[in-house]
Amino acid sequence: MKTAGVNLPATPVTIDLLFYNPGFFRINDESVDFKETTTAPDGSFTFAGLDTSPAGVYRVVARYKGARFEPMPRDFTDANGQTAKTSAVRFEANATTATIEVPLAEPAASTYQTGFTVASHSVVINELRPQFYSIVEAYQFQNDTDRALVASLKPDGTVDEGVPVVFSLPMGATEITTNRTDLLATTDLTGQKLTLKTPITP
């Protein structure tokens, strides 16, 4: 439990295990297999019968109070020497077990609070056509708090509504889009208001 002063959940937490093809999976990739279990009273969980070869690439997702939580990203170097941040779970060489920790966070009904930042990045893209450039204004949302930020909660403390994020478009901009294709179905891009219906986890 990442939230200070909050005990482990009194009821079991559902854990999803998604299996991917070898390599770095992206957040919007489709899994090729799926397993589900629930946590024991001490918060532990176990999956058996997994592929422990280098082809075994897994994504672990904990579902808690309407929000989804994953392991913290770690550095991983592939067989070609390429290093990247990943939350994927793999088995070390010749290992028959792998251990991963998934931090949970209590949801909080708050749009802006200390630790939540919106960073703006301008990206200039040189197109294939000579002398043509595209300028993309990218926004990154980061939650440095110890709670999952949402707009409101149900009486039982579970997530009710998304997190409204409002900002002005850069001069001359005509639309807002997102490269997080997994969020498109749960995102309202109306006008100058961006509403993320998915909780913003730490």
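FYI, side chains are in, hydrogens and waters are out, and symmetry mates aren't considered; it's all heavy atoms of this structure. Residue numbers start at 1 and run along the sequence shown.
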#### Entry: All side-chain hydrogen bond (donor to acceptor under 3.5 Å, both in side chains) counterparts of S53, not counting sequence neighbours
D51
#### Entry: Residues that T158 engages under side-chain hydrogen bond (donor to acceptor under 3.5 Å, both in side chains), provided they are two or more places apart
D156
[X] versus [Y], closest heavy-atom pair with distance:
{"X": "A67", "Y": "P199", "result": "CB-CG, 3.9 Å"}
{"X": "K65", "Y": "P107", "result": "CD-CD, 3.9 Å"}
{"X": "F91", "Y": "A98", "result": "CE2-N, 3.6 Å"}
{"X": "A148", "Y": "A105", "result": "N-CB, 3.9 Å"}
{"X": "F69", "Y": "P103", "result": "CB-O, 3.6 Å"}
{"X": "A109", "Y": "A151", "result": "CB-O, 3.7 Å"}

I need the [X] [atom1] to [Y] [atom2] distance, nearest 0.5 Å.
{"X": "I15", "Y": "R63", "atom1": "CD1", "atom2": "CZ", "value": "9.0 Å"}
{"X": "N143", "Y": "I200", "atom1": "CG", "atom2": "CD1", "value": "7.0 Å"}
{"X": "T97", "Y": "E92", "atom1": "OG1", "atom2": "CD", "value": "10.0 Å"}
{"X": "E106", "Y": "T145", "atom1": "CD", "atom2": "OG1", "value": "12.0 Å"}

Same cluster or not: [X] versus [Y], using hydrophobic residues (I, L, V, M, F, W, Y) connected whenever any side-chain heavy atoms lie under 4.5 Å apart?
{"X": "V6", "Y": "L104", "value": "yes"}
{"X": "F47", "Y": "V89", "value": "yes"}
{"X": "V61", "Y": "F34", "value": "yes"}

[X] (side chain) donor-acceptor with [Y] (main chain) under 3.5 angstrom:
{"X": "T52", "Y": "T96", "value": "no"}
{"X": "R74", "Y": "A88", "value": "yes"}
{"X": "T3", "Y": "D146", "value": "yes"}
{"X": "T39", "Y": "V13", "value": "yes"}

#### Entry: Full working for side chain to side chain contact (heavy atoms under 4.5 Å, CB included) between F45 and I100
CA-CA 10 Å; F45 58 90; I100 194 69; 4.2 Å; yes
### Query
Looking at K85 and D75, does any basic side-chain N land under 4.0 Å from a carboxylate oxygen?
yes
### Message
Could you walk me through whether V150 and D160 satisfy the side chain to side chain contact (heavy atoms under 4.5 Å, CB included) test, starting with their C-alpha distance in whole Å, then the side-chain angles of each, then the deciding distance to 0.1 Å, before giving a yes or no?
### Response
CA-CA 8 Å; V150 298; D160 187 19; over 6 Å; no
### Query
Checking side chain to side chain contact (heavy atoms under 4.5 Å, CB included) for the pair N7/M1: CA distance, chi angles, key distance, verdict?
CA-CA 7 Å; N7 296 323; M1 176 57 67; over 6 Å; no
### Task
Please lay out, stage by stage, how L50 and L17 fare under the test side chain to side chain contact (heavy atoms under 4.5 Å, CB included).
CA-CA 10 Å; L50 304 182; L17 183 75; 3.6 Å; yes
### Query
Under 30°, 30 to 60°, or over 60°: which ring-plane class applies to F19 and Y58, parallel, tilted or perpendicular?
tilted
